[in-house]
Structure formats: C-alpha cells, structure tokens
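Note sheet for the following structure.
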Amino acid sequence: MTERDPLAGHIRHLLDDATSDAPTPPAMPFETVVAPAPSMHQRRRRPWWIVVSAAALLIGVVAGLAALTGRDGTSRSNFEEPHATATAPASTSTWCSVLPALTPSQIEATIRVDIAGAGTCTDGFAGTLTLINSSGDTCTSDIMANLAPTGDRLWFASTSGNGGATGRWEPLPDDLVEGAGVMEYPNGVRSWPIQLPPLEPGTYSLTLGSGITCTTSARFEATFEISAAPDAPPPSESCDTAPLATGRPTPDEATPWTLDGCDVSGEVLLDRPGPAHCAWDSARVIVIGWPIGTSYTSANVPDLEYVRDPLDVFKLRTQYEQLDQLPDGVVDTGYRRQSTELWMNQVDPSSIYLVDDTSIERWPLAVPPLCA
Amino acid sequence: MMVSVDVEEAYREHGVALVRFATLLVGPDDASDVVAEVIAASLSRNSTMLVLDLRSYWLRSVANTAASWHRSNRRRADREQRVADRGLANELDVAADARRLLADLTVQQRAVVYLTYWHDLSPSDVATTLGVSEGTVRKQLARARSHLREVLSHDRT
C-alpha cells in the first residue's frame with residue numbers, strides 16, 4: 001500500500017503493537033539435523049538422525065519456552081531485509097552453474113536451467129526462467145545470458161549485482177525482464193527469475209555469459225525445447241471434446257495420499273488414472289507442485305506431472321521403469337499411499353520414485369508435458 | 001548437484017520474523033510452539049532440502065499450522081488455562097489490546113494483512129507465500145481492511 005493510504009499506517013502501527021510481545025524464537029539444535037541425504041541403504045525408513053533431531057528439538061522447544069522474555073523491542077527494520085547479503089564461506093568450489101531442469105518444458109538440457117511455469121502444448125511457452133547459481137560461495141553476483149530462438153536471435157542480459165552487461169550484449173528487451181523475487185541464500189546461492197515472453201514451439205539455445213565471474217569456463221550453453229503436442233490418440237468424438245483430453249485426470253478419481261498421517265490435498269499431490277473415456281486409464285498420473293508440498297494450482301508454482309504408462313498411450317519420451325535400488329540423492333518426501341512411499345531427488349525433480357516393500361518404480365516427468 | 005541451504009543460518013535470519021508472525025496469529029503464549037512445530041515438521045520430512053525459499057515456505061507453514069492450532073480443543077483449553085493463570089494484567093497490555101482489535105479477523109485474513117503491511121509483499125507474493133490464489137488474497141485483504149477501518153475508527157473515538 002502506498003503512503004497515501006492512511007489506513008495502511010494505522011494497520012502497521014496496530015501490527016507493531018500486536019506483535020511487540022512476541023517471544024524469542026525457540027532454540028534449535030540444527031547441528032544435529034543438517035545432514036547429508038540418506039543413502040540408498042536407508043531408503044526404507046526415515047533416517048535415525050531425524051528421529052534424534054526431533055527428540056532434541058522437543059528439548060529445544062522447552063528451552064525456548066523457558067526463555068520467553070516478553071516484549072523484545074524488535075524494530076520493524078528487522079523485517080525489511082528479505083534477502084540477506086551473502087557472506088562467502090570458505091570453499092574449494094570454483095565453478096558455478098544453474099540447477100537442473102525443473103519443469104516439463106525443459107527437455108534434455110545438459111546445463112542446469114530452471115524454467116518455472118507450465119508451457120502449453122501448442123501455444124509455445126511463457127513463464128519464468130530462473131537461473132540459479134547453485135554454488136555461489138565464490139561467485140560475484142552477476143549473471144548474464146542470452147536466449148536465442150533458432151534463426152532469430154533474442155537476447156537478454158540480467159545485470160543484477162556487480163559487473164553489469166558488457167558491450168557484447170544487446171539491451172534488455174522491454175518484454176524480457178528480470179522478475180521480482182531474486183533470491184539470495186545464506187550460503188551464497190542466488191537465483192534470478194526472469195520473465196520470458198511468449199515463445200513459439202521450437203528449439204532455443206541458452207547461453208550464460210562470462211559475467212558469472214566465478215566460473216572457470218568462459219560460458220555455459222544449452223538448448224531447451226518448447227514442444228509441440230504429443231501425438232494425439234485415435235480420433236474419437238468424446239476424446240476430442242473432453243476438457244482433459246490429453247491426459248490430466250479429473251479430480252473425482254483421486255487416490256488419497258497422506259503426509260504424517262493426514263490426508264494430502266489433491267491440489268498438492270494429485271494421483272489419478274488417465275481418462276477412461278479415451279481408453280487411457282491404463283496410465284497413471286501424479287501431479288505435484290514444485291517444490292513438493294506447494295499447491296500446483298497456485299500462481300508461480302510449477303506443476304509437474306509424472307506418468308506410469310505401461311501401454312504407452314501418451315507416447316511420452318521416457319517410460320517408467322523398475323529399479324533395483326534408489327539412486328543417490330533421492331530422499332523420502334514423507335508422502336504415503338498405504339505402504340507406498342514417495343521419494344524424490346532434492347533438487348532434480350525429473351523423476352519420482354514409488355517405493356514399497358517389494359519394488360522401486362521410477363516415474364519420469366511427462367515429456368512432452370500433458371495438457372491441462 | 002545439491003542446493004545446500006544452511007537451515008541453521010536461515011532460521012537465525014528468519015526466526016524472529018516467524019515468531020512475530022505466529023504471535024499475530026495465535027498469540028505470544030503459543031507462538032514459540034507453533035514455530036517449533038513448523039520447523040520440526042519441515043525437518044522431519046526433509047522438506048527444507050526441497051525448498052529454495054525457506055522463508056516463504058516457513059511463513060506459509062506458520063499460517064497453516066496456526067489455522068489448525070485454532071481448531072485444537074486441547075490446545076485451546078491449555079491456552080485458556082494459561083491466560084487464566086496469568087490473571088487480567090495482560091488485558092491492559094498494549095499488545096493484548098492491539099490483538100483484540102484484530103481478533104475478529106480470520107487467521108488467513110490476519111496472515112494476509114501481516115504479510116501485506118508488515119512485509120510489504122504484493123498480493124501476488126502473498127498468494128505465493130500462503131499457497132492461495134491472488135483473488136483470495138485481494139478478497140481477504142479487502143474484508144480485513146473494511147473491518148479494521150471500522151474498529152480503528154471506534155478505537156480512536
């Protein structure tokens with residue numbers, strides 16, 4: 001609200017008073033909970049250190065309650081720094097990159113690019129491109145890139161932080177801007193959401209420039225693809241007119257999942273067969289928001305679709321498969337469907353893993369994405 | 001590659017904000033419990049490793065936990081007992097008076113108001129943080145403003 005809004009000032013004053021006796025935060029035994037991802041040998045049960053941590057946490061809560069001090073005099077300025085300045089910790093890491101593909105629109109890219117937002121099958125893609133410097137401890141804060149549709153170059157340069165654009169870069173187009181929400185994390189990890197204009201289906205190349213001053217390579221390059229719709233099923237009137245004809249199931253066929261014993265909203269984790277009227281019910285689709293736990297129906301939350309499609313009715317590029325063991329880096333999300341556990345990689349959501357006592361199934365991200 | 005968000009550092013940075021937010025939603029007696037529950041839950045299910053924006057994630061979790069907190073009869077009984085034990089002194093407290101003016105707002109409305117006016121988030125950002133639609137945020141904010149305009153005018157007279 002603007003300062004010309006007198007009510008806003010009164011509300012802020014009211015909020016200040018209402019929270020002025022907030023207690024101090026409870027003490028947390030973090031040193032016992034920040035731990036590496038469980039190995040494949042730990043996949044059946046929640047790791048012991050979490051159990052230990054939970055117990056230690058309860059002790060911390062008691063200590064925190066005992067430390068209540070009443071009014072703490074905290075000023076509003078404490079809340080006006082949503083992103084702290086990174087303090088570069090000592091590290092031997094000398095390279096930077098961005099994270100792996102996080103949405104269905106990212107296909108077979110070899111560099112790490114997070115394209116958030118759902119593309120449509122036929123109308124191209126418009127969404128948020130997030131470049132994440134995932135080991136920013138030795139980085140300066142600059143990142144540049146250009147995005148080039150095949151045959152028709154489209155440039156952008158994000159010049160946040162030090163450095164700025166060099167002469168090699170074209171001016172930033174009006175419709176391609178760095179979005180709000182540049183994030184900086186305490187360990188120096190930073191991310192830059194950048195709004196993409198509508199892009200037609202096609203192959204694009206993305207080049208990160210040498211503005212990432214911590215890189216040892218001059219530049220990173222990758223391609224990603226805005227896909228056309230998957231092959232349509234055999235024409236049928238009912239399928240052609242079905243609102244969810246390309247695959248996402250309707251909400252009345254849900255299989256419930258739970259988290260810590262509570263039912264999970266279908267807007268957080270949707271688990272459905274394919275539409276029966278198109279004879280696609282042999283396939284099964286799980287839809288989640290990313291990060292998992294967020295509602296995929298929310299604005300700015302990418303919805304990710306994973307498919308088990310034994311009869312290949314969706315004609316996707318990658319099929320589900322049975323595994324003998326879970327790959328490294330995969331952790332238990334806590335989501336359960338009866339005896340089935342849902343596991344994922346912490347930063348690479350290209351697959352989910354459904355684990356029970358007798359099997360491990362890897363369900364790939366739907367590529368090309370299914371249409372809502 | 002793995003994003004290694006330093007949870008301890010993040011909590012050190014945002015803990016005060018989380019407790020303050022929780023204080024607005026459930027009061028100072030339960031704020032620490034709510035925050036501790038949120039942190040414990042997020043750690044126990046490894047979700048801190050899956051979330052890039054821990055601050056927003058925790059703020060949302062505090063709002064969700066606060067909503068369920070209000071639905072817990074047992075906790076409510078405990079809370080009322082604690083208030084009774086303390087007597088009426090707090091009713092004279094500035095903070096208690098301010099919270100009384102906010103008491104008729106729903107938990108979601110209080111969360112929207114707080115994130116809008118204290119954290120200066122846009123309706124879009126509030127929607128993202130709380131996991132609701134932007135339309136919901138605007139509607140709840142409008143209702144909350146209407147209510148607060150009324151109670152604040154009475155309070156000043």
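Only this structure's heavy atoms are used, side chains among them; waters, hydrogens and symmetry mates stay out. Each chain gets a letter, A, B and so on, in the order its sequence line appears, and its residues count up from 1.
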side-chain contact (heavy atoms from CB on, under 4.5 Å) involving B:A111 - partner list, sequence neighbours excluded: B:F21, B:L25, B:A63, B:L130

Rounded distance [0.5 Å steps], CG in B:L101 versus NE2 in A:H10: 12.5 Å

Considering only heavy atoms from C-beta outward, does the side chain of B:D120 approach that of A:R12 to under 4.5 Å? yes

A:D17 and B:D97: side chain to side chain contact (heavy atoms under 4.5 Å, CB included), yes or no, with the steps? CA-CA 8 Å; A:D17 285 345; B:D97 286 343; over 6 Å; no

Closest heavy-atom pair and its distance - B:Y117, A:I11: CD1-CG2, 3.6 Å

Strictly distance-based, threshold 3.5 Å: is any side-chain N or O of B:R99 a donor or acceptor partner for the main-chain N or O of A:A18? yes

Less than 4.5 Å apart, any side-chain heavy atom of A:L14 and any of B:V113? no

Under the side-chain contact (heavy atoms from CB on, under 4.5 Å) rule, collect the residues that match up with B:H147, sequence neighbours excluded. B:D104, B:L105, B:V151

Scanning both residues in full, the closest heavy-atom pair of A:A22 with B:R20 reads CB-CA, 3.9 Å

Worked check of side chain to side chain contact (heavy atoms under 4.5 Å, CB included) between A:T19 and B:V19: CA-CA 9 Å; A:T19 59; B:V19 170; over 6 Å; no

